[in-house]
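Since the structure comes first, as structure tokens, the remarks are kept for the end.
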Amino acid sequence: MSRRTTRFPVEGANSLWHVYKTVPFWKVVRNFIVIQLARYTPFLSLKNWMYRTFLRMKVGEQASFALMVMLDVMFPEKISVGKNTVIGYNTTILAHEYLIKEYRLGEVHIGNEVMIGANSTILPGVHIGDGAIVSAGTLVHKDVPAGSFVGGNPMKLIYTKEEREKREIGQEAVPNRG
């Protein structure tokens, strides 16, 4: 499925020159400060409280944002993260993209018990289903089915939920001789 974004055409200079017509300057300043403080905060409950309170994000209980996670500075309220999900080190989650002739906005929904590996980038308008695993360094440019394992740039499906479950059952039966 393609990403769910709304397109807003601009005239004249590229869309980034129109940025403060699309989002208030002081909102961006506040969001930047909150995000930068949270990026270095080692206390997960404080980080989640900051995101919910100041950025109006939907953050599930026991969601974990690792060190250096970079959230969309302009539209963080368009990001939701489910319960008991892990967002890996230095991951970027975007809800906007400024292009030459337009800008696009899209909600990002990350489900419950999702694992997102370090240094991944999630583009606007993407939904990641419950229980999915995103390999480190992945560019998430389209929806991720629940329970699946994806990775790469561009992102590819590595295992479906059913294939992953079969592999996990098979691994449990093999004794660890390491």
Side-chain angles (χ1 to χ4, degrees), residues 3-5 19 22-98 104-153 155 158-159 161 164-165 168 171-172:
R3 292 186 287 132
R4 298 162 192 82
T5 58
V19 68
T22 64
V23 61
F25 173 78
W26 291 110
K27 176 187 174 190
V28 175
V29 170
R30 182 199 65 215
N31 291 352
F32 178 81
I33 291 167
V34 170
I35 290 167
Q36 290 304 316
L37 289 171
R39 289 182 82 189
Y40 295 95
T41 299
F43 307 108
L44 298 176
S45 57
L46 176 60
K47 198 178 289 208
N48 289 353
W49 176 81
M50 291 169 68
Y51 292 157
R52 288 182 195 114
T53 303
F54 300 113
L55 303 182
R56 296 182 10 241
M57 287 176 55
K58 292 173 206 75
V59 178
E61 292 301 312
Q62 298 173 325
S64 300
F65 292 82
L67 187 69
M68 301 301 289
V69 169
M70 187 64 198
L71 301 173
D72 190 294
V73 74
M74 295 176 195
F75 301 97
E77 69 277 7
K78 293 185 174 295
I79 299 169
S80 65
V81 177
K83 66 179 181 184
N84 207 31
T85 285
V86 175
I87 310 292
Y89 174 85
N90 206 37
T91 289
T92 300
I93 305 173
L94 297 172
H96 79 275
E97 49 194 3
Y98 286 91
R104 299 177 190 161
L105 303 178
E107 307 248 342
V108 174
H109 296 285
I110 300 171
N112 298 320
E113 304 204 354
V114 171
M115 174 64 219
I116 297 176
N119 294 304
S120 293
T121 300
I122 301 168
L123 295 181
V126 167
H127 290 195
I128 300 175
D130 293 345
I133 298 174
V134 176
S135 178
T138 298
L139 174 64
V140 182
H141 68 287
K142 60 185 177 181
D143 288 353
V144 177
S148 64
F149 176 51
V150 299
N153 182 0
M155 180 188 84
I158 298 171
Y159 298 115
K161 178 181 180 180
R164 223 180 95 211
E165 287 170 351
E168 289 170 1
Q171 289 175 348
E172 288 174 13

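Not measured: the values here are computed from a predicted model. Only heavy atoms go into these numbers, but all of them, side chains included; no hydrogens, no water, no symmetry mates.
Partners of S45 under the side chain to side chain donor-acceptor pair (under 3.5 Å) rule, at least two apart in sequence or in another chain, do not exist in this structure. Under the side chain to side chain donor-acceptor pair (under 3.5 Å) criterion, N48 pairs with no residue, sequence neighbours left out. Considering only residues two or more places apart in sequence or on other chains, Q36 meets the side chain to side chain donor-acceptor pair (under 3.5 Å) condition with none of them.
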Exercise for the section: Could you please spell out the steps behind the side-chain contact (heavy atoms from CB on, under 4.5 Å) verdict for I158 and I133? Expected result: CA-CA 10 Å; I158 298 171; I133 298 174; over 6 Å; no
Handout entry: Trace of the side-chain contact (heavy atoms from CB on, under 4.5 Å) decision for F65 with V59
Key = CA-CA 10 Å; F65 292 82; V59 178; 3.8 Å; yes
Exercise for the section: Tell me, with the steps shown, if K83 and E61 meet salt bridge (charged side-chain N to carboxylate O under 4.0 Å, His left out). Expected result: CA-CA 5 Å; K83 66 179 181 184; E61 292 301 312; over 6 Å; no
Practice task
Given side-chain contact (heavy atoms from CB on, under 4.5 Å), test L55 with I79 step by step and report yes or no.
Solution key: CA-CA 10 Å; L55 303 182; I79 299 169; over 6 Å; no
Practice task
Could you walk me through whether M115 and V86 pass the side-chain contact (heavy atoms from CB on, under 4.5 Å) test, one step at a time?
Solution key: CA-CA 5 Å; M115 174 64 219; V86 175; 3.7 Å; yes
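Here CZ of R3 is found 12.0 Å from NZ of K142. Values are rounded to the nearest 0.5 Å. We find the CE-CD1 distance between M70 and I122 to be 14.0 Å, quoted to the nearest 0.5 Å. Distance check, rounded to the nearest 0.5 Å: CD1 of I116 to OG1 of T138 gives 9.5 Å. Separation of atoms CE (M57) and NZ (K78) is listed at 13.5 Å; rounding is to 0.5 Å. A distance of 6.5 Å separates CG in L105 from OH in Y98, rounded to the nearest 0.5 Å. Atom-to-atom distance recorded for I87:CD1 and L71:CG is 8.5 Å, nearest 0.5 angstrom.
Here the closest heavy-atom approach between residue L67 and residue R39 is recorded as CD1-O, 3.1 Å. Across A95 and F75, no two heavy atoms sit closer than the pair CB-O, 3.6 Å. Contact detail for G151 and S135: the closest heavy-atom pair is CA-CB, 3.7 Å. Between A63 and G82, the shortest heavy-atom contact is CB-O, 3.6 Å. Nearest heavy atoms, G137 versus S120: N-OG, 3.5 Å.
Classification of the F149-Y159 ring pair by plane angle, with boundaries at 30° and 60°, yields parallel.
In this structure the side chain of V144 reaches within 4.5 angstrom of the side chain of M155, judged on heavy atoms. Taking 4.5 Å as the limit, every side-chain heavy atom of R4 sits out of range of all side-chain heavy atoms of H109.
D130 contributes no side-chain N or O that, together with a main-chain N or O of G111, makes up a donor-acceptor pair within less than 3.5 Å. Looking at T91, its side chain never comes within 3.5 Å of a backbone N or O of T121 through a donor-acceptor pair. T53 contributes a side-chain N or O that, together with a main-chain N or O of W49, makes up a donor-acceptor pair within less than 3.5 Å.
Each of L94, N31, V19 was scored for a side-chain contact (heavy atoms from CB on, under 4.5 Å) with M74, with one residue passing: V19.
The number of heavy atoms from other shown groups lying within 6.0 Å of CD (Q62) does not exceed 12. Within 6.0 Å of the CZ atom in R30, the count of heavy atoms belonging to other residues, nucleotides or ligands exceeds 12.
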